[in-house]
Amino acid sequence: MKQLEYKSLFILCLGIMLCACGNKKDKRQVVSLNGLWEIEKTMGELPAGFSAKVQVPGLVDLAIPKIDTLQAMYKDGWYWYRSNFSLADTDFDKIELKIFKAKYHTKVYLNDRYIGENLYCFTPSYFDIKPFLNPEGQSNEIMIGVGCKDQLPDSIPDGHDYEKLRYIPGIYDNVEITLSNRPYIENVQCVPDVKNARLQVVAELETDQLKGIPLEYEVVEASSRKSFAKGNLVVDGMSDFQNGMVKVSFEVAMDGAELWSPESPFLYELLLRTDADDKRTRFGMRSFRIDPERKIALLNEKPYYMKGTNVCIYRFFEDPQRGSLPWDKEWPVRLHQQFKDMNWAMMRYCIGFPPERWYEICDSIGFMLQDEFPIWHLKETIKSPQIAEEYKRWMRERWNHPSVVIWDAQNELVTEETGRALREVRELDLSDRPWENGWSTPDRDTDPCESHPYLFIKYMYEGKSEPLEGYKKELFGRAIRPMNDANDRLLEVHKKDTALFKSPSLINEYGWVWLNRDGSTTTLTDRIYDVLWDGKNLLPEERIEIYCRHLAMLTEYWRAHRGAIGILHFCGLGYSRPEEPRGQTSDHWTDLEALQFQPQFYKYVKPSFASVGLMVDLWEKSYKAGEKLSVPVYVINDLGEPFNQELRLEWLENGSVINTQKIKIDVPAYNVNLISFETRLPDTVSDYQLRVVYTTNGEEIFSLRDIPVKD
C-alpha cells in the first residue's frame with residue numbers, strides 16, 4: 001500500500017510542477033523523473049509485471065525486494081524500470097527525454113511504443129518523446145531497460161577493470177524531460193579567456209528560422225545572483241545553417257571578474273535566451289595549461305603543483321557498504337570536503353564517471369579534476385571511430401565545468417586507437433584542455449605523461465628480498481625520474497631506444513602498499529608486508545601504521561624531487577574486499593557512512609601534502625651511537641609567496657621529545673630548498689625517531705624518520 005502511495009504522489013507532484021510553470025510555455029521547462037520506480041528482470045523480453053521497487057538514480061542491486069541473489073555477477077539479463085508521469089501541457093516544439101548515464105545498453109519504451117536505444121554506457125542518452133505522448137493531463141507509462149556488460153557488442157567500450165568483479169547495471173544518474181520551443185538552445189560552450197578578460201560563448205541553436213534570431217544573454221554571479229554583464233544580438237544563420245542547426249559565437253567582456261581556483265571557486269552563470277527558449281550554464285573564469293619547457297602546470301597563468309587523490313567510483317559501486325551513498329544529498333559533499341581537509345585540491349575520477357552532481361560539487365567547493373574515460377582494456381574490435389564518438393558526447397556534457405582541467409583518454413594502455421580518437425575530437429574543446437593518453441604516446445608536448453611509479457612492486461615477486469643496505473636506502477636514497485610511464489612502456493613494446501618525451505610527468509598513482517580498511521593485506525601486497533615487515537605477525541593497527549608512514553614518505557619523496565607536475569594518491573575512494581574473492585587495492589575509511597579516516601592516515605599523510613612540505617632525507621638502516629649526523633631536509637614551497645618560518649628538529653624516544661634544535665629558513669615562491677641540521681646521535685643504543693616540524697595555524701607539518709641507534 002505504501003508503494004502505491006509513493007507512486008501516486010510522484011505522478012501528482014509531476015502534474016503540479018508542470019501546471020505551475022505551464023503558463024509560460026515559450027520558455028524551457030525541465031521535469032525530473034528521479035524517484036521511486038518499479039523494476040523487473042527478464043532475459044530480454046518486456047516484463048509481464050513488476051515485482052520490486054528501486055530508486056532512480058541508483059543501481060539495480062538497490063531493488064526492494066531483491067531481484068537477484070546476493071553477490072550476483074550480472075552476466076546476462078535485462079532490467080526494466082517503469083514509472084508514470086503526466087504533462088499539463090504538451091504544446092511544445094521539443095519534448096526530449098535525457099538519461100544522464102545508464103549502463104549497460106539502454107532501451108526506452110513510452111506508452112508501449114519503442115522510442116529508441118543507446119549502446120553507450122558512460123554518456124547521456126537523448127530521445128524525442130513528443131510523438132509518443134498521450135494527450136496533456138493523461139498518464140504516460142515509461143519503461144527503460146538496461147542490459148549487462150557481457151551482452152554489449154564487441155565494438156562498444158564497456159568499462160572493463162582488471163580489479164573489478166561485479167559490473168552492476170542501473171540508471172546511475174538523473175532522468176529528466178525538457179520541454180521548450182524553437183529556436184531551441186541545444187548546447188552552450190563557455191570559453192574563458194583569462195588573459196584578455198573575455199568570455200567566448202558558442203551556442204548551437206535548433207531552428208527552422210534562417211536569419212534574424214534575437215538572442216539575449218546575461219552573466220550573473222552564481223551565489224549572489226548579482227548581474228555582471230548583459231547584452232543582446234541578432235543571429236543571421238544563413239551562412240552557418242546545417243541540418244536544422246545554427247552555431248553562433250560571441251564574446252562577453254569580463255573585466256574585473258573573479259577567477260576560479262580551488263582556493264577561491266568563484267562561479268558565474270550564463271543565462272542565454274531566444275524568444276522561445278532559455279538555458280542556464282554555470283562556468284568559472286579560469287585557464288589551465290602545461291608548460292613543457294618549465295615542466296609545470298599553470299592555473300590562471302601561475303604555477304600550480306597539483307596534489308590530490310583518486311576516486312574509483314565503479315569499484316565503489318561493488319563495495320558491500322556502498323548502498324545509496326553516491327546518490328545521497330549530503331554524503332558526496334562531505335566526501336569532497338574531507339578530501340579538501342587532506343590538503344588535496346586535485347582528483348582523478350579514475351576509470352569511470354560519477355553522477356553529474358559530483359562534478360557540480362567539485363565546481364562549487366574547489367577541486368580540479370582529471371576526468372578519465374573508462375578504458376583500461378581495449379578489445380581489438382573497438383576502433384577509434386567508436387571511441388571518438390563517445391569522447392565527443394563526454395566532452396559536450398562536461399566542457400563547462402571549471403573543475404575539469406584534463407581530459408584523460410584511458411588508463412595504462414599502449415594503443416594507437418585512443419590517440420587517433422582524441423585527435424579527432426580535441427579541437428571541439430575551445431578551452432584546449434590537455435589530454436592524458438595513458439601509457440601511449442602523448443599527443444602534444446603540452447599534454448601530461450601518465451606515471452605510476454610503484455617503487456614497492458619489486459618486493460611482490462618471488463625471489464626479491466630486502467637488500468643489506470635496507471629497502472629505504474634502495475628506494476629513496478637517490479632521486480629518480482618518475483617511471484612506469486609511456487617512456488618505459490613504449491620501450492618495452494617496441495624494443496628500441498626512445499628519447500624521453502617532452503611532456504612532463506603526472507604521477508596519478510603510487511604506493512603499492514595497500515591494505516583493506518580492516519588492516520588486512522590485499523592480493524597485491526601480501527608478500528610485500530611479509531618480506532619487509534613480517535606482516536603475518538603484525539596486528540592490523542601495526543600494519544596500518546606502516547602503510548600510512550610509508551605513504552607519507554613516498555609523497556614527500558616525489559614532491560621533493562619535483563619530477564612531476566602533480567602527485568595524486570591512490571586512492572581516496574574505492575572498494576574494500578578483505579574476504580574471498582579478495583581485492584587488490586582499497587581506501588582509508590574506518591566509518592564509510594560517517595566518512596572518518598583511519599587516524600594514522602590523517603596523522604601522517606595529511607602533513608605530507610601541505611602547501612609547504614618537508615622531507616627528511618635520511619634512509620640508513622641503522623646509525624652508530626654518539627656520531628655526528630648531518631640531517632638534510634627538503635623544504636617544498638608550492639605557494640606563490642616566500643615561506644619564512646622556523647623549523648624544529650626533534651629527537652624522540654618512546655614518543656617523548658628528548659632534544660630540540662631550531663633554524664630559521666626562507667624559501668622563495670614555488671621553490672624547493674635543501675637545508676641541513678647538524679646534530680649528534682644519542683649515546684645510548686635505542687630505537688629513536690627524528691622529526692623536523694613547523695607549526696602553521698595551530699597545525700604541525702612534519703617529516704618523521706625512524707633512527708635505530710646501534711653500538
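Quick note: residue numbers are just sequence positions, from 1. As the structure is a computational prediction, the values presented were derived from the model and not from experiment. All values below were derived from every heavy atom in this structure, side-chain atoms included, with hydrogens, water molecules and symmetry-related copies excluded.
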(Q) With rounding to the nearest 0.5 angstrom, report the NE2 to CG distance, His588 to Asn516. (A) 11.5 Å
Q: Working to the nearest 0.5 Å, report the span between CG of Leu515 and OG1 of Thr525.
A: 5.5 Å
Q.
What I want to check is whether the side chains of Asp445 and Ser503 have a donor and an acceptor closer together than 3.5 Å.
A. no
Q.
Would you say the rings of Phe476 and Trp619 are close, in the sense that their centroids are separated by under 6.0 Å?
A. yes
Q) Do Leu618 and Pro632 have side-chain heavy atoms sitting under 4.5 Å apart? A) yes
Q. So, are Arg286 and Asp363 salt-bridged, with charged N and O less than 4.0 Å apart?
A. no
Q.
Please report whether the ring centroid of Trp376 lies less than 6.0 Å from that of Tyr162.
A. yes
Q. Going by atom types only, do His452 and Tyr510 share a side-chain donor-acceptor pair under 3.5 Å?
A. no
Q.
Keeping Trp589 on the side-chain end and Gly572 on the backbone end, is there a donor-acceptor pair under 3.5 Å?
A. yes
Q: Verify whether one side chain among Asn300 and Trp260 offers a donor that lies under 3.5 Å from an acceptor in the other.
A: no
Q. Is there a donor-acceptor contact under 3.5 Å linking the side chains of Arg396 and Thr123?
A. no
Q. With the threshold set at 4.0 Å, does a side-chain nitrogen-carboxylate oxygen contact exist between Glu474 and Lys458?
A. yes
Q | Test applied, side chain to side chain contact (heavy atoms under 4.5 Å, CB included); reference residue, Tyr314; option that passes from Phe353, Tyr575, Tyr167 | A | Phe353
Q. Should the pair Arg562 and Tyr305 be classed as cation-pi, given the thresholds of under 6.0 Å to the six-membered ring centre and 45° from the axis?
A. yes
Q) Distance only, no hydrogens: is a donor on one side chain within 3.5 Å (strictly under) of an acceptor on the other, for His377 and Gln410? A) no
Q. How far does OG1 of Thr418 sit from CD1 of Ile382, to the nearest 0.5 angstrom?
A. 11.5 Å
Q: Check the surroundings of atom CD in Glu263: do more than 12 heavy atoms from other residues, nucleotides or ligands lie under 6.0 Å from it?
A: yes
Q. Would you say the side-chain atoms of Glu204 and Asn187 include a donor-acceptor pair closer than 3.5 Å?
A. no
Q: State whether Glu424 and Lys383 are salt-bridged, where the test is any N-O pair (Lys NZ or Arg NE/NH1/NH2 against Asp/Glu carboxylate O) under 4.0 Å.
A: no
Q: Would you please indicate yes or no on a ring centroid separation below 6.0 angstrom for His561 and Tyr634?
A: yes
**Q.** Greater than 12 external heavy atoms within 6.0 Å of Lys472's NZ
**A.** yes
(Q) For Glu436 and Asn508, which I'm curious about, is there any donor-acceptor pair between the side chains at under 3.5 Å? (A) yes
**Q.** Sub-4.5 Å side-chain heavy-atom contact between Met347 and Trp358
**A.** no
Q) Taking only residues two or more places apart in sequence, or in another chain, which ones meet Glu269 in a side chain to side chain donor-acceptor pair (under 3.5 Å)? A) Arg225, Arg280
Q) Just by distance, do the side chain of Glu450 and the backbone of Leu506 share a donor-acceptor pair under 3.5 Å? A) no
Q) Quick one: side chain to side chain donor-acceptor pair (under 3.5 Å) partners of Tyr694, sequence neighbours excluded? A) none
Q. Given side chains that start at C-beta, do those of Leu490 and Val414 come closer than 4.5 Å, heavy atoms only?
A. yes
Q.
Any side-chain to backbone donor/acceptor pair from Lys295 onto Ser505? Under 3.5 Å, distance only.
A. no
**Q.** Check ion pair Glu397-Arg393 (N to O, under 4.0 angstrom)
**A.** no
Q) Side chains of Asn174 and Arg357: do they bring a donor and an acceptor to under 3.5 Å? A) no
Q. Does Asp158 come within less than 4.0 Å of Lys103, counting only side-chain N to carboxylate O?
A. no
Q. Are there more than 12 heavy atoms of other residues, nucleotides or ligands under 6.0 Å from atom NZ of Lys379?
A. yes
Q: Could you tell me whether Tyr604 and Tyr602 have their ring centroids closer than 6.0 angstrom?
A: no
Q) Do Val201 and Leu270 have side-chain heavy atoms sitting under 4.5 Å apart? A) yes
Q: For this output row, return yes or no: ring centroids of Phe570 and Trp512 closer than 6.0 angstrom.
A: no
Q. Is Arg289 salt-bridged to Asp432, cutoff N-O under 4.0 Å?
A. no
Q. How long is the gap from CZ on Arg549 to CD1 on Ile544, to the nearest 0.5 Å?
A. 15.0 Å
Q.
For Lys340, I'd like to know if atom NZ has over 12 heavy atoms of other residues, nucleotides or ligands within 6.0 Å.
A. yes
**Q.** Side-chain (Thr281) to main-chain (Cys190) donor-acceptor, under 3.5 angstrom
**A.** no
Q. What do you reckon, is NZ of Lys603 surrounded by more than 12 foreign heavy atoms closer than 6.0 Å?
A. no
**Q.** Glu360/Arg282 ion pair, N-O < 4.0 Å
**A.** no
Q. Is it true that the side chains of Arg348 and Asn411 contain a donor and an acceptor less than 3.5 Å apart?
A. yes
Q) Below 4.0 angstrom, N of the basic side chain to O of the carboxylate: do Glu318 and Arg322 qualify? A) no
Q.
We want to know whether Tyr670 and Tyr304 form a side-chain donor-acceptor pair, criterion being a heavy-atom distance below 3.5 angstrom.
A. no
Q. If you measure from OH on Tyr391 to OG on Ser384, what distance do you get to the nearest 0.5 Å?
A. 10.0 Å
Q) Just checking, is any N or O donor in the side chain of Gln200 or Ser249 under 3.5 Å from an acceptor N or O on the other one? A) yes
Q. Would you call Glu163 and Arg577 a salt bridge, using N to O less than 4.0 angstrom?
A. no
Q. Cut-off 3.5 Å, side chains only: do Asp429 and Trp407 have a donor facing an acceptor?
A. yes
Q) So, Gln370 and Tyr349: side-chain donor and acceptor under 3.5 Å apart, yes or no? A) no
Q. Given side chains that start at C-beta, do those of Val219 and Phe283 come closer than 4.5 Å, heavy atoms only?
A. yes
Q.
Can you confirm whether the side chains of Ser608 and Glu556 place a donor and an acceptor under 3.5 Å from each other?
A. no
Q) Can you tell me if Asn310 uses its side chain to pair, donor with acceptor, with the backbone of His569 under 3.5 Å? A) yes
Q: Can you measure from CG (Asn118) to OG (Ser125) and round to the nearest 0.5 angstrom?
A: 3.5 Å
(Q) Closer than 4.0 angstrom, basic N to acidic O: yes or no for Arg517 and Asp319? (A) yes
Q: Compute the ring centroids of Trp394 and Phe100, then answer whether they are less than 6.0 Å apart.
A: no
Q: Tell me whether the centres of the aromatic rings in Tyr547 and Trp514 are closer together than 6.0 Å.
A: no
Q | Any Ile365 side-chain heavy atom under 4.5 Å of Ile361 side chain | A | yes
Q. Can you pull the salt bridge (charged side-chain N to carboxylate O under 4.0 Å, His left out) pairs that have at least one residue in residues 187-199, sequence neighbours excluded?
A. Arg198-Glu251
**Q.** Side-chain donor/acceptor of Asn671 to backbone N/O of Val667, under 3.5 Å
**A.** no
Q | Side-chain donor or acceptor of Asn343 paired with backbone N/O of Lys606 under 3.5 Å | A | yes
Q) Are Arg478 and Asp617 close enough for a salt bridge, meaning some N to O gap below 4.0 Å? A) no
(Q) For Thr522 and Gln584, which I'm curious about, is there any donor-acceptor pair between the side chains at under 3.5 Å? (A) no
